[in-house]
Amino acid sequence: MMSLASTLGRFEAPRNTPEQEAAAAAWKEGQRRLKVEERLARSGVPSRYRSASLDGCDRRIADWSASPSDVLLLRGDVGRGKTHAACAVLIANAAERTVLFATSLDLLRDFRSVFDGAAREADVMGRYRNVGLLAVDDLGKERPTDWALSKLFDVLDARIRQGKPTIVTTQYRSAELAARMASDGNAETAKAIVSRLGDRRNAVVAFDGPDRRLRNGR
């Protein structure tokens, strides 16, 4: 008498037709795009950079984007493409993780809302600490107070300890960045922030060349 296993072994699960496989792939891609659109809608990425692509970016940026870790520091004068590159990395990763773009002014404004009692510290700090990939644009452009500088350190330190990748853009080299942040804040905290950004495990990319905004007539 033939065993049940032998009998079942004669039957194969029905295979999808090429049309069914194509439809399933299209549905999956549609869901992926929907997730990306929803995340980007909440990301803070400026509308002018919503189509930013890694095409033409330094290879080191593309390599980091493929497997984000620690910090990607983009440094160079104004108009060199730092913000474009940062947004391109956020967009490229939006299908895999939550992403958030914030200027240094955005951060300080949010920190100030906590100090003024207009927002809960846990909500504001959690937003920046816990997002999958954070980009902080134009660090050093604003001069933070002691209290705001300590919160900035808390965010960066927490993200590094938790293994959450962070992108930082700045137009200043290390010494000048520390000096600017210490002008209205604590010098030791400013040095600690710069030290973490300059860690040898981080990727540092310098942006040279002409001002892209002037070249593009903007």
Side-chain angles (χ1 to χ4, degrees), residues 21-107 127-128 130-141 156 159-160 163-174 177 196-218:
E21 291 181 353
W27 181 86
K28 186 175 181 180
E29 175 61 17
Q31 292 298 108
R32 187 194 71 80
R33 290 185 178 182
L34 181 60
K35 179 187 290 186
V36 169
E37 290 173 2
E38 289 175 345
R39 285 178 172 172
L40 289 179
R42 301 190 298 267
S43 69
V45 172
S47 57
R48 66 184 291 187
Y49 295 113
R50 285 289 178 86
S51 60
S53 168
L54 290 170
D55 292 344
C57 287
D58 189 292
R59 181 58 184 266
R60 290 169 293 175
I61 296 173
D63 289 345
W64 190 91
S65 178
S67 183
S69 63
D70 300 310
V71 175
L72 171 63
L73 179 62
L74 307 179
R75 183 165 53 206
D77 208 350
V78 296
R80 266 54 180 183
K82 303 182 302 296
T83 303
H84 178 279
C87 290
V89 175
L90 293 181
I91 293 168
N93 279 271
E96 307 299 328
R97 67 193 79 213
T98 55
V99 297
L100 179 63
F101 175 93
T103 65
S104 61
L105 178 60
D106 292 332
L107 263 73
R127 181 170 182 248
Y128 291 113
N130 300 327
V131 68
L133 177 57
L134 171 67
V136 178
D137 194 42
D138 270 340
L139 186 64
K141 191 170 185 179
L156 293 176
R159 292 188 62 81
I160 291 171
K164 292 184 177 296
T166 306
I167 307 166
V168 175
T169 78
T170 184
Q171 66 186 81
Y172 306 105
R173 298 191 67 82
S174 297
L177 179 60
R196 276 160 173 74
L197 295 180
D199 189 289
R200 63 183 181 180
R201 291 171 297 183
N202 298 338
V204 180
V205 180
F207 281 67
D208 302 312
D211 188 324
R212 291 178 51 168
R213 295 170 186 164
L214 295 179
R215 184 179 64 194
N216 295 331
R218 291 185 303 197

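When a residue number appears, it is its place in the shown sequence, counting from 1.
The structure places CZ of R50 at 6.0 Å from CG of L40, a figure rounded to the nearest 0.5 Å. Note that CD of E38 and OG1 of T98 are 13.0 Å apart. Values are rounded to the nearest 0.5 Å. A distance of 13.5 Å separates CZ of R80 from OG1 of T169, quoted to the nearest 0.5 Å.
The shortest side-chain heavy-atom distance between S174 and R75 falls under the 4.5 Å cut-off. Within the 4.5 Å cutoff, the side chain of L156 has no heavy atoms near those of the V71 side chain.
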Can L90 and I167 be said to form a side chain to side chain contact (heavy atoms under 4.5 Å, CB included), step by step?
CA-CA 9 Å; L90 293 181; I167 307 166; 4.2 Å; yes
Steps toward side chain to side chain contact (heavy atoms under 4.5 Å, CB included) verdict (V168, L197):
CA-CA 8 Å; V168 175; L197 295 180; 3.9 Å; yes
Would you sort out whether L177 and T170 count as a side chain to side chain contact (heavy atoms under 4.5 Å, CB included), showing the intermediate values?
CA-CA 8 Å; L177 179 60; T170 184; 3.8 Å; yes
Worked check of side-chain hydrogen bond (donor to acceptor under 3.5 Å, both in side chains) between D138 and S104:
CA-CA 6 Å; D138 270 340; S104 61; over 6 Å; no
Y49 vs H84, side chain to side chain contact (heavy atoms under 4.5 Å, CB included): CA-CA, chis, key distance, verdict:
CA-CA 6 Å; Y49 295 113; H84 178 279; 4.0 Å; yes
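Residues passing the side chain to side chain donor-acceptor pair (under 3.5 Å) test with S43, sequence neighbours excluded: none.
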Quiz: residues 55-67 side-chain donor-acceptor pairs under 3.5 angstrom, not counting sequence neighbours:
| residue | atom | partner | partner atom | Å |
| --- | --- | --- | --- | --- |
| D55 | OD2 | S53 | OG | 3.4 |
| D58 | OD1 | R60 | N | 2.8 |
| D58 | OD1 | R60 | NE | 3.0 |
| D58 | OD2 | R60 | NH2 | 2.9 |
| R59 | NE | D63 | OD1 | 2.9 |
| W64 | NE1 | S69 | O | 2.8 |
| S65 | OG | N93 | ND2 | 3.2 |

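Heavy atoms only, all atoms of each residue included: K82 and G76 are closest at NZ-O, 3.0 Å. Between G44 and F101 the shortest heavy-atom distance is O-CD2, 3.4 Å. When all heavy atoms of A102 and L107 are compared, the closest pair comes out as CB-CD1, 3.3 Å. The shortest heavy-atom contact between A85 and L74 is CB-CD1, 4.0 Å.
Between the side chain of N202 and the backbone N or O of R196 there is at least one donor-acceptor pair closer than 3.5 Å. For the pair T103 (side chain) and D137 (backbone), a donor-acceptor distance under 3.5 Å is absent. Using a distance-only test at 3.5 Å, with no hydrogens or angles considered, a donor-acceptor pair links the side chain of R39 to the main chain of A94.
Summarising the local packing, CZ of R173 is surrounded by 12 or fewer heavy atoms from other residues, nucleotides or ligands at distances under 6.0 Å.
Results of the side chain to side chain donor-acceptor pair (under 3.5 Å) test with R159 over T166, D70, N130 single out T166 as the only residue that passes.
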